Protein chains: 2
Amino acid sequence: MRLSRYFMPVLKETPSEAQIASHRLMLRAGLIRQASAGIYSWLPMGYKVLRRLEQIVHEEQQKANHHPMLMPTIQSADLWRESGRYDDYGQEMLRITDRHDRDMLYGPTNEELITDIFRREVGSYKQLPLTLYHIQWKFRDEIRPRFGVMRGREFLMKDGYNFDLTKEDALHAYNRHMVTYLKTYERMGLQAIPMRADGGPIGGDYTHEFLVLADTGESEVFYDSAVTDLTLGDRVVDYDSVAECQAIMEEFTTPYARTDETHDEAIFAEVPEERRRSARGIEVGQIFYFGTKYSDALNATVQTPDGTNVPVHMGSHGIGVSRLVGALIEANHDENGIIWPEGVAPFPVAIVNLKQGGADTDRVCDELYGALTAAGLDPLYDDREERAGAKFATMDLIGCPWRITVGPRGLKEGKVELTSRRTGESEEMSPEAAIARLKELLANR
Amino acid sequence: MRLSRYFMPVLKETPSEAQIASHRLMLRAGLIRQASAGIYSWLPMGYKVLRRLEQIVHEEQQKANHHPMLMPTIQSADLWRESGRYDDYGQEMLRITDRHDRDMLYGPTNEELITDIFRREVGSYKQLPLTLYHIQWKFRDEIRPRFGVMRGREFLMKDGYNFDLTKEDALHAYNRHMVTYLKTYERMGLQAIPMRADGGPIGGDYTHEFLVLADTGESEVFYDSAVTDLTLGDRVVDYDSVAECQAIMEEFTTPYARTDETHDEAIFAEVPEERRRSARGIEVGQIFYFGTKYSDALNATVQTPDGTNVPVHMGSHGIGVSRLVGALIEANHDENGIIWPEGVAPFPVAIVNLKQGGADTDRVCDELYGALTAAGLDPLYDDREERAGAKFATMDLIGCPWRITVGPRGLKEGKVELTSRRTGESEEMSPEAAIARLKELLANR
């Protein structure tokens, strides 16, 4: 993308309404603008990040044979009355009356609707196991929305639902979801620690939250530092293998890691003192197994091999997609701006022309732009007529992982400069070498 | 995808509530289920089609340097009061009161919100031209929703907005949108004819609707049959070229083509009689140039080169993405089911195993499935234990363009059967030849 043709309204001043870094930086870098309290428009570069996160979520879910679908935002109140949750939700639920005076609502979650689809369409154990998910906008009418997309009212969430014949099968689905989530966050360049959590209004005895450590996190967390050494890395997981998913679940949940809601000082005291940590965390996902809570309430049964009808075992599993953009920035920024992990950067590489209008600099920039575009590396080319300082400040603010600087002085020796946003380290090399290096650096993107 | 693991609940009976073919077939093929009146859940296969349409829209918009973004579904009423449209919209607008008693609404369109973003962020002619678009769910509280996704209440629309310094520039944006829309529909396998239309509540002197001819269309249309001979084909368009976009606009709008709202018998009479047609059409898109209607109301100005401030010239441009799924089926079906055009089929090829559990048939099907998957052709493999007749009926219903049938009789001679859903013609060949043929047939997908 040529910046001269893009819509990326960056701000020099820090917006006074923003209290935390991600909110400030999302406004300053032109990722979002507030439409009304707790409701945001995603400008082109913000939308690009959001889509990229969506894409990663889709890919990892589908590897586990979870099927994407899409439920609507507006639901009838009837199903929520049937489950008994219409009153439970209180004022956080956005309630709507349509022109025929029917009670509707903007879905904050979808257990009822998906269970209704299931009970109407599935009757036999032969159609199990089944996991359906969607990525859809939700609404929670927060009394005091704040922190930008971290606690907004309209937010994008992936929510998935597993349907299984037995508790044992459903716990495999639970473990499978845990593994897909760990993979998902790792691909985004985030460490999200699964922590034993509280069921809350969804319910469920088995539930883990995934927390990203950050000073601005809303939760206090306690953990064994051994948990932060764990990664899945390049492991290829067979999601049909009960043993493999369970082993990974155990690997990641054996070290102590809990939020303040479930924290137990006595157990924590058994962790060797030098490994005991307390910190703050941002919740970016949660998984639940809640058994037959909704299938009992909504009468969602399947026939077993011996012909009896039993309520289906269920779980639900969520990733806060729009909130993740904020969490990513909280975990990846410095005083100059965002430092995108390579897997989620809106543009992995920026080209900065220090002499716009110069025959040589323009030519080399155009060549770099063409070659990087052809290689699928989606460069952002700062082709504005601005002084170098302003261009560098903008690039630091928006946080592309790599920057190629093209100036007349370097070009005299046939060199451009390749700079890492994260380390700040620069290296001079020929344009061809820079292209080759970037292809290598971004091969896994 | 292996059908035994997929969620594709097909119906044998025709649902009584569905009055038109697309609604019937979308329910029968398991693409959608009604969640409440005029509101649908998109099941996995329906969602796959929807995503594919979205993808085509995105690609064609971005070729013209139109920038994707995303505005929220819930808007404040304030901007609509400022433009004067809060009252105009009447009961079709879904009005909502939040917990703080603020008037909100579920956006039926976004002229106000995008103009507000523009006026806050853009101040100079130097930042023009600019076209922003999004693909987002909208809500219109239809008094009598019907025809499935063709006249639903919650629907997915692409809406784009151009901002230009002058009327002349804005008319180039108008023409550019017309060309991108023609390209978009062609890639979907649809002929959508641009017809001179009426401004309606959006306003505007320049407006064309795009109509797909179908007996169940809601509009009566009148046209010169010469217009149906026009195609863009493989033409590569330079969207920066004013002349080229204008020439294509003139090519496609010179033959008479109007809806009943703008039909003029006197002009129509000048069309040679043998080319005069009247038919019914489904509206799948509309483009508008409305000048400074919203920029005047919302005070969205830009500074010109000579330093004066002028209201920006605007247009808005919509494609009914969810409705297109219905329109595609109306235009592509027979008594047995859907006949997807190759560009939009959820699965371009199906593999039917006539003897599930047979060593040879299973092996060949697995090989075909592996090879087609590796080639990116996304096959659907009917690996259910069902009799041949039931498998063929399901495949005809869901309408994959190509079917490979693998049976023990053919395999004795090393042959499988390749069948076109559209023509019904079959040809026997080796599995390798079938793979090679499909790669060729689906090369442009």
Side-chain angles (χ1 to χ4, degrees), chain A residues 1 4-7 9 30 33 35-37 39-48 50-51 65 67-76 78-79 91-92 94-100 102 104 106 113-114 116-117 120-122 126-127 129-130 132 134 136-137 139 141-143 153-154 156, chain B residues 1 4-7 9 30 33 35-37 39-48 50-51 65 67-76 78-79 91-92 94-100 102 104 106 113-114 116-117 120-122 126-127 129-130 132 134 136-137 139 141-143 153-154 156:
Chain A
M1 181 60 59
S4 63
R5 301 194 69 172
Y6 202 42
F7 182 60
R33 286 296 180 263
S36 51
I39 304 179
Y40 292 87
S41 292
W42 293 76
L43 303 190
M45 198 162 60
Y47 178 65
K48 208 158 188 282
L50 201 60
R51 286 285 281 191
N65 212 36
H67 301 302
M69 60 173 300
L70 193 64
M71 287 175 273
T73 60
I74 301 296
Q75 305 179 19
S76 161
D78 294 345
L79 285 172
Q91 285 200 288
E92 288 209 351
L94 190 67
R95 292 154 205 266
I96 303 168
T97 308
D98 75 7
R99 71 190 293 173
H100 295 298
R102 283 174 297 215
M104 312 292 287
Y106 199 120
L113 197 46
I114 195 75
D116 181 54
I117 291 170
R120 288 197 278 163
E121 305 300 339
V122 179
K126 290 181 193 164
Q127 292 162 276
L130 176 65
L132 298 166
H134 73 163
Q136 178 61 292
W137 292 90
F139 203 96
D141 201 359
E142 295 271 355
I143 190 159
R153 294 200 291 168
E154 186 168 330
L156 186 63
Chain B
M1 181 60 60
S4 62
R5 301 195 68 172
Y6 203 42
F7 182 60
R33 287 296 181 264
S36 51
I39 304 179
Y40 293 87
S41 292
W42 293 77
L43 304 189
M45 198 162 61
Y47 178 64
K48 209 158 188 285
L50 200 60
R51 284 284 282 191
N65 212 33
H67 301 302
M69 61 174 299
L70 193 63
M71 286 174 274
T73 59
I74 302 296
Q75 303 179 19
S76 161
D78 294 345
L79 285 172
Q91 286 200 285
E92 287 208 351
L94 189 69
R95 290 155 207 264
I96 302 168
T97 307
D98 75 8
R99 70 189 295 172
H100 295 298
R102 283 175 297 216
M104 311 292 288
Y106 199 121
L113 196 46
I114 195 74
D116 181 53
I117 290 170
R120 288 196 279 163
E121 306 300 338
V122 179
K126 289 180 193 165
Q127 293 163 274
L130 177 65
L132 298 166
H134 73 162
Q136 178 61 295
W137 292 90
F139 203 98
D141 202 359
E142 295 272 355
I143 189 160
R153 295 200 290 167
E154 186 168 330
L156 187 62

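Order of the sequence lines sets the chain letters (A, B, ...), proteins ahead of strands, with each chain counted from 1. As the structure is a computational prediction, the values presented were derived from the model and not from experiment.
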**Nearest heavy atoms of A/R99 and B/E142, plus distance in Å** = NH1-C, 3.8 Å
**Message:** As an exercise: rank B/H100, B/E92, B/K48 by heavy-atom pairs under 4.5 Å with chain A and give me the winner.
**Reply:** B/H100
**Asked** Between B/Q91, B/R51, B/M71, B/H134, which shows the greatest number of heavy-atom pairs under 4.5 Å with chain A?
**Response** B/Q91
**Prompt:** Shortest non-hydrogen contact from A/R102 to B/A37?
**Reply:** NH1-CB, 3.9 Å
**Distance-minimising heavy-atom pair for B/M69 and A/W42** = CB-O, 3.1 Å
**Request:** Give the member of B/I74, B/I39, B/L43, B/I114 that has the highest number of heavy-atom pairs under 4.5 Å with chain A.
**Result:** B/I74
**Prompt:** What are the two closest heavy atoms between A/Y47 and B/P68, and how far apart are they?
**Reply:** CE2-CB, 3.6 Å
**Prompt:** Quick one: what part of B/Y106 sits under 4.5 Å from any heavy atom of chain A, side chain, backbone, both or neither?
**Reply:** side chain
**Asked** Which atom pair, heavy atoms only, marks the closest approach of A/R5 to B/N65?
**Response** NE-ND2, 2.9 Å
**Prompt:** Which region of A/Y40, side chain (C-beta onward) or backbone (N, CA, C, O), has a non-hydrogen atom less than 4.5 Å from a non-hydrogen atom of chain B, or is it both or neither?
**Reply:** backbone
**Request:** Please look at A/S36 and chain B and tell me whether the side chain, the backbone, both or neither of the residue comes under 4.5 angstrom of a heavy atom of that chain.
**Result:** side chain
**Message:** If I measure from the heavy atoms of chain A, does B/L132 come under 4.5 Å with its side chain, its backbone, both, or neither?
**Reply:** side chain
**Request:** Below 4.5 Å from any heavy atom of chain A, which atoms of B/M1 appear? Answer side chain, backbone, both or neither.
**Result:** side chain
**Prompt:** Measuring heavy-atom distances to chain A, does B/L130 have an atom under 4.5 Å in its side chain, in its backbone, in both, or in neither?
**Reply:** side chain
**Asked** Looking at B/I96, B/I143, B/L94, B/L156, which one has more heavy-atom pairs under 4.5 Å with chain A than the rest?
**Response** B/I143
**Item:** Region of B/R95 that comes under 4.5 Å of a non-hydrogen atom in chain A
**Value:** backbone
**Message:** Could you report the tightest heavy-atom contact between B/D98 and A/R153, atom names first, then the distance?
**Reply:** OD2-NH1, 2.9 Å
**Message:** Between A/M45 and chain B, with a heavy-atom cut-off of 4.5 Å, which part of the residue counts as in contact: side chain, backbone, both or neither?
**Reply:** neither
**Request:** Identify which of A/A35, A/P44, A/P9 forms the greatest number of heavy-atom pairs closer than 4.5 Å to chain B.
**Result:** A/P44
